[in-house]
There are 2 protein chains.
Amino acid sequence: MAATESTKDRLHGTLDALVLKTLSWGPRHGYAVARWLEDTTQNAIQIEEGSLYPALYRMERKGWIEAEWGTSELGRKAKFYKLTTRGKRQLKLETTEWAEFAQAVSVVLVPTA
Amino acid sequence: MAATESTKDRLHGTLDALVLKTLSWGPRHGYAVARWLEDTTQNAIQIEEGSLYPALYRMERKGWIEAEWGTSELGRKAKFYKLTTRGKRQLKLETTEWAEFAQAVSVVLVPTA
DNA sequence: GCGGGATACTTAGACTGTCAAGGTATTAAA
DNA sequence: TTTAATACCTTGACAGTCTAAGTATCCCGC
């Protein structure tokens, strides 16, 4: 509700890159990934759990990340994900693509120049 | 194929703004909208017809644009769309949202600053 | 005058990724 | 003992994109 209805749609095809980038700072469990993204973007980006966990499984299947059970900072059971080599490559690729796409959209939407 | 598979996904929730913006320069028919966007972005943004026309119908239903049959520059029957007042408002809104979203994503992906 | 290519619109169907909303379990605080 | 925060998981719905196929017109070259 807070963010406008359509804001969510924009995550399409970008969520993966955001999660990969978050993990590039070191292993984290899912919940922490979501918190970190919200904090870092001052809630501009909010990730629903129903989007996050499926995304993590997806990326694990693709070999971009690896999971391992551990203990969270607060002493709770948690699954820690870490970036693989392929994940790093993928992150690099998606970052470039995002930059190009964002640039193109900006050219259209804000052409005042 | 040319653009990576995920590039397309990024259009999600952005296509409307792009089309509205295109029409803000004056009425155009669908085909011309697609051409203009491709030209302006040097093919970084490619719009499939199966996405474009449904998007136009959707926005017409929402009252953001209005259609009128006319004749194209090449003397062919074509449906010209023009922005309504509500469409202009919507464009403004989506432009702002896009800027915020893109900013947030950039903060995450390119934090080197 | 005939075929091919660009123009221009339409629609059906599949797919994918996000979301909402529910659930489990543990821990700490109230 | 009840509440809230942490942490994970799952189901089902939905929306918007894509692929792919079709219609029709017009122009050009041969």
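This one's a predicted model, so the numbers in the text were calculated from it and none came from an experiment. Per chain, numbering begins at 1; letters A, B, ... match sequence-line order.
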Query raised in the report: Using a cut-off of 4.0 Å on non-hydrogen atoms, how would the nucleic acid contact of A:Tyr57 be classed: base, sugar-phosphate, or nothing?
Result: sugar-phosphate
Query raised in the report: For A:Glu73 and C:dT26, what is the distance between atoms CD and P respectively, to the nearest whole Å?
Result: 19 Å
Query raised in the report: Quick one: do B:Glu94 and B:Lys21 make a salt bridge, cutoff under 4.0 Å?
Result: no
Report task. Measure up the B:His29 and B:Tyr31 rings against each other and bin them: parallel (under 30°), tilted (30 to 60°), perpendicular (over 60°). Result -> parallel
Query raised in the report: Which whole-number value in Å describes the distance from A:Tyr31 OH to C:dT27 C1'?
Result: 13 Å
Report task. May I ask you to verify if any side-chain N or O of B:Tyr53 is less than 4.0 angstrom from the OP1 or OP2 atom of C:dT10? Result -> no
Query - Nucleotide nearest A:Ser51 when distance is taken to its side chain, options C:dC9, C:dC19, D:dC18 - result: C:dC19
Report task. Among C:dC19, C:dT18, D:dC26, find the nucleotide with the atom closest to the side chain of A:Arg58. Result -> C:dT18
Report summary line: Of A:Leu74 and A:Asp16, the one whose nearest nucleotide on DNA chain C sits closer to the 5' end is A:Asp16
**Report entry** Intermediate values then yes/no, side-chain contact (heavy atoms from CB on, under 4.5 Å), A:Lys77 and A:Thr71
**Finding:** CA-CA 5 Å; A:Lys77 207 178 50 157; A:Thr71 306; over 6 Å; no
Query raised in the report: Atom CZ of B:Arg35 to atom C1' of C:dA8: distance rounded to whole Å?
Result: 10 Å
Requested in this report: Starting at atom NZ of B:Lys79, determine the distance to atom C1' of C:dT10, rounded to an integer number of angstrom.
Outcome: 9 Å
Query raised in the report: Could you give the CZ-to-P distance, from A:Phe80 to D:dT6, as a whole number of Å?
Result: 14 Å
**Report entry** side chain to side chain contact (heavy atoms under 4.5 Å, CB included) partner of A:Arg10, chosen from B:Glu100, B:Glu97, B:Arg10, B:His12
**Finding:** B:Glu97
**Report entry** Spacing between B:His12 atom NE2 and D:dC18 atom C1', to the nearest angstrom
**Finding:** 9 Å
Report summary line: Side-chain atoms of A:Tyr81 come closest, of D:dC9, C:dC9, D:dT19, to D:dC9
**Report entry** Residue-phosphate contact under 4.0 Å: B:His29 side-chain N/O, C:dA8 OP1/OP2
**Finding:** yes
Requested in this report: Starting at atom CG of B:Leu15, determine the distance to atom P of D:dA15, rounded to an integer number of angstrom.
Outcome: 16 Å
Query raised in the report: Between B:Arg76 and A:Ala32, who's closer to the 5' end of DNA chain D by nearest nucleotide?
Result: A:Ala32
Requested in this report: Provide the closest heavy-atom pair for B:Tyr57 versus B:Lys79 in the form atom of the first, atom of the second, distance.
Outcome: CE2-NZ, 4.5 Å
Query raised in the report: Taking the side chain of A:Pro54 as its heavy atoms from C-beta onward, which of C:dA8, D:dT10, D:dT17 lies nearest to it?
Result: D:dT10
Report summary line: Among D:dC18, D:dT6, C:dC19, the one nearest any side-chain atom of B:Glu48 is D:dC18
Query raised in the report: Are any of A:Arg10's side-chain N or O atoms less than 4.0 Å away from OP1 or OP2 of C:dC19?
Result: no
Report summary line: To the nearest angstrom, the NZ-C1' distance between A:Lys77 and C:dT27 comes to 14 Å
**Report entry** C:dT7 phosphate, OP1 or OP2, under 4.0 Å from B:Ser72 side-chain N/O
**Finding:** no
Query raised in the report: Around B:Glu68, counting heavy atoms of other residues, nucleotides and ligands shown, do more than 12 lie under 6.0 Å from its CD?
Result: no
Report task. Would you classify B:Gly50 as touching base, sugar-phosphate or nothing, given that sugar-phosphate means primed atoms plus P, OP1 and OP2, and contacts are heavy atoms under 4.0 Å? Result -> base
Report summary line: Closest of C:dA8, D:dT17, C:dC9 to the B:Trp69 side chain is C:dC9
